[in-house]
Amino acid sequence: MVDVTSQVSVQTATAAKPSARRYYVLGLLTIIYALNFLDRTIFNVLIEPIKKEFALSDTMMGLLAGFGFALFYSLLGIPIARAADRLNRRNIVAVAFAFWSAMTALCGAASSVTSLALARIGVGIGESAGSPASQSIVADLFAKNERPRALGIYAIGTYLGVFLGYFVGGYVNQHYGWRMAFYVAGLPGILLALVLWLTISEPKRGAMQESFVPEPLGPTLRFLSSQRSFVIVLIGFCLTTYTNYATAAWIPPFLARVHHLSSAEIGTYAGTFKGLAGMAGTLLGGFVVAQVSRSDDRWKLWAPAITSGLAGPVFALCMLTQDFAMMVAMLALTSFLVGFHLGQIFAIAQTVAKPSMRALASALIALTATCFGQGVGPLAVGMVNDALKGSYGADAVRYSLLSAAVTTTLGAVLFVWAARAIRVDIGRAAA
């Protein structure tokens, strides 16, 4: 039986820590998360020049953008997250950050498709350790009702990284070539990893709970699999993440082939209207859900369901319209709507898991979704591109991307379903 009075006093004392310190940690981890996405996203804006230099098909480019990164990211993420539930999370994030930054820079030195694929695998290996440990740290700095807001702030790193990846990649590629773009993306991260190491300390684990008891792996997996909302959200997030990664990889080629934009123009339009709009949606989603869910925890999933459901038809219009201004507006609106749910899904993983399970819960959500979304999304669209190009030419990418409108709609349905169990599951995690 949990002593509620004791638990509340612990949460109050922890929340009373100087906000500046908590938000400094949150801000730095958000920047690192942004560079995580910069390093994986910059490849997307460079698809056309890399494809041309190595004479590759869209299927092969989808494989490099997707499974070339996601396979090892997913395979190694679970054991690394398990270590993060027991070892120093600050150290794990710092070492992983330095490693994936170095591997990003090595992508620029690739002399063949094989060496480029190996460097991409290295980026995936490093990034698999970053987010689960970071989210676990955030969960120990912010109480349950603060987490949607805190993790909403953290989740804007997704779209900040997308913005920087498109913008920096497009500009540097046009003026200095695609190899220099990888160097510019990767090298600064090594220095920032040192800043993290020197300025952040490991927070007390389970600080927002009455007690923290490490759990063996078997009971941990059994508990998480028994949390119905967690399992359904995981499946739904796989579908909405397909939308995110399929569009992240193929919107730059879509803009080049269908709308004939230059590399720098692609960086500007995709970065601004996809990256910044997604960032606004993610940030607003965290603050809105933190407020509306105070009276009913089901809003933690009802709100993402509404916005994800709206994103499907909006993105279909984005792909099918012939008007450039309408396409750009619908691209921005899609990114805003899809981005709205990211912080809430991260918060669900932290809230329906016990403190000893948070890094692993986060890893299961993020890594499974990444394996499906980033692994299948870019590859599936690339394969359909190759299949349709004989009939539709440059417009093939327009029609193959319509699959992303379907997956985000299906994800919304699953979020509604998961909301039916979330109040019971939160109670079980706190017991």
Side-chain angles (χ1 to χ4, degrees), residues 34 37-52 58 61-62 65 156-178 180-182 184-185 243-284 311-340 342 377-378 381-382 385 393-402 404-405 408:
F37 270 84
L38 184 157
D39 290 347
R40 71 174 77 176
T41 299
I42 198 167
F43 184 90
N44 301 332
V45 79
L46 305 175
I47 282 178
E48 295 294 271
I50 293 173
K51 176 183 176 180
K52 181 178 180 180
D58 277 354
M61 293 308 301
I156 69 170
T158 300
Y159 287 102
L160 177 58
V162 169
F163 167 73
L164 292 173
Y166 285 148
F167 193 81
V168 172
Y171 180 85
V172 176
N173 172 58
Q174 179 155 327
H175 294 282
Y176 303 101
W178 66 267
M180 181 58 69
F182 280 119
V184 171
T243 301
N244 256 334
Y245 284 116
T247 57
W250 290 105
I251 285 297
F254 166 78
L255 294 175
R257 299 174 190 180
V258 177
H259 294 283
H260 312 294
L261 301 188
S262 68
S263 180
E265 289 172 330
I266 290 170
T268 300
Y269 279 99
T272 301
F273 293 100
K274 182 172 171 58
L276 292 185
M279 193 188 314
T282 303
L283 185 60
L284 182 63
V314 170
F315 184 67
L317 179 58
C318 175
M319 289 295 99
L320 295 175
T321 183
Q322 300 293 329
D323 183 77
F324 180 78
M326 176 65 75
M327 181 277 296
V328 168
M330 293 302 98
L331 177 62
L333 183 55
T334 299
S335 297
F336 178 89
L337 292 170
V338 173
F340 193 94
L342 289 179
V381 173
N385 285 348
D395 274 345
V397 67
R398 182 199 299 272
Y399 301 115
S400 59
L401 274 170
L402 285 174
T408 191

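The first residue in the sequence is number 1, and the count goes up from there.
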Query raised in the report: Is the closest side-chain heavy-atom distance between Leu160 and Phe37 below 4.5 Å?
Result: no
Query raised in the report: Mind checking what makes side chain to side chain contact (heavy atoms under 4.5 Å, CB included) contact with Leu320, not counting sequence neighbours?
Result: Tyr399, Leu402
Query - Side-chain donor or acceptor of Tyr166 paired with backbone N/O of Ala248 under 3.5 Å - result: yes
Between side-chain atoms of residues 271-280 and protein atoms elsewhere (two or more places apart, or another chain), which donor-acceptor pairs fall under 3.5 Å?
unit_1	atom_1	unit_2	atom_2	d
Thr272	OG1	Thr268	O	2.7
Lys274	NZ	Thr247	OG1	3.0

Report summary line: Heavy-atom closest pair (Asn44 atom, Ala65 atom, distance to 0.1 Å) is OD1-CB, 4.0 Å
Report task. Taking the side chain as every heavy atom from C-beta outward, state whether Ile251 and Tyr269 have any pair of such atoms under 4.5 Å apart. Result -> no
Query - Nearest non-hydrogen partners of Tyr245 and Pro378, listed with the distance - result: O-CG, 3.9 Å
Report summary line: For Ala185, the side chain to side chain contact (heavy atoms under 4.5 Å, CB included) test, sequence neighbours excluded, returns Leu38, Asp39, Ile42, Thr104
Requested in this report: For residues 247-270, pull every pair meeting salt bridge (Lys or Arg N to Asp or Glu O under 4.0 Å), keeping only residues two or more places apart or in separate chains.
Outcome: Glu48-Arg257, Asp58-Arg257
**Report entry** Non-neighbouring partners of Ser400 that pass side chain to side chain contact (heavy atoms under 4.5 Å, CB included), sequence neighbours left out
**Finding:** Val381, Val384, Asn385, Val397
Report task. Please examine the side chains of Tyr159 and Leu283, heavy atoms only from C-beta on, and report whether any two atoms are closer than 4.5 Å. Result -> no
Query raised in the report: Considering residues at least two apart in sequence or located in another chain, which fulfil the side chain to side chain contact (heavy atoms under 4.5 Å, CB included) criterion with Val314?
Result: Met330, Leu333, Thr334, Leu337
Requested in this report: Check the surroundings of atom CZ in Phe163: do more than 12 heavy atoms from other residues, nucleotides or ligands lie under 6.0 Å from it?
Outcome: yes
Query raised in the report: Hey, what do you get for CD1 (Ile50) to CE (Met61), rounding to the nearest 0.5 Å?
Result: 5.0 Å
Query raised in the report: Is the shortest heavy-atom distance from the side chain of Thr243 to the side chain of Phe315 under 4.5 Å?
Result: no
Query - Whether Ser263 side chain and Gly170 backbone form a donor-acceptor pair below 3.5 Å - result: yes
Requested in this report: Compare every heavy atom of Thr282 with every heavy atom of Gly339, then report the nearest pair and how far apart it is.
Outcome: O-OG1, 2.9 Å
Query raised in the report: Between Phe254 and Met327, is any pair of side-chain heavy atoms under 4.5 Å apart?
Result: yes
Query raised in the report: Any sub-3.5 Å donor-acceptor pair from Asn173's side-chain atoms to Leu46's backbone N or O?
Result: no
Requested in this report: Test side chain to side chain contact (heavy atoms under 4.5 Å, CB included) on Thr408 and Val338 and set out the steps.
Outcome: CA-CA 8 Å; Thr408 191; Val338 173; 4.3 Å; yes
Query raised in the report: Ile47 and Ala249: which non-hydrogen atoms are nearest, and at how many Å?
Result: CD1-O, 3.3 Å
Report summary line: For Pro252 and Ile266 the tightest heavy-atom approach is O-CD1, 3.5 Å
Query raised in the report: Does Val162 offer a backbone N or O that forms a donor-acceptor pair with the side chain of Arg40 under 3.5 Å?
Result: no
Query - Flag if over 12 foreign heavy atoms under 6.0 Å of CZ, Phe324 - result: yes
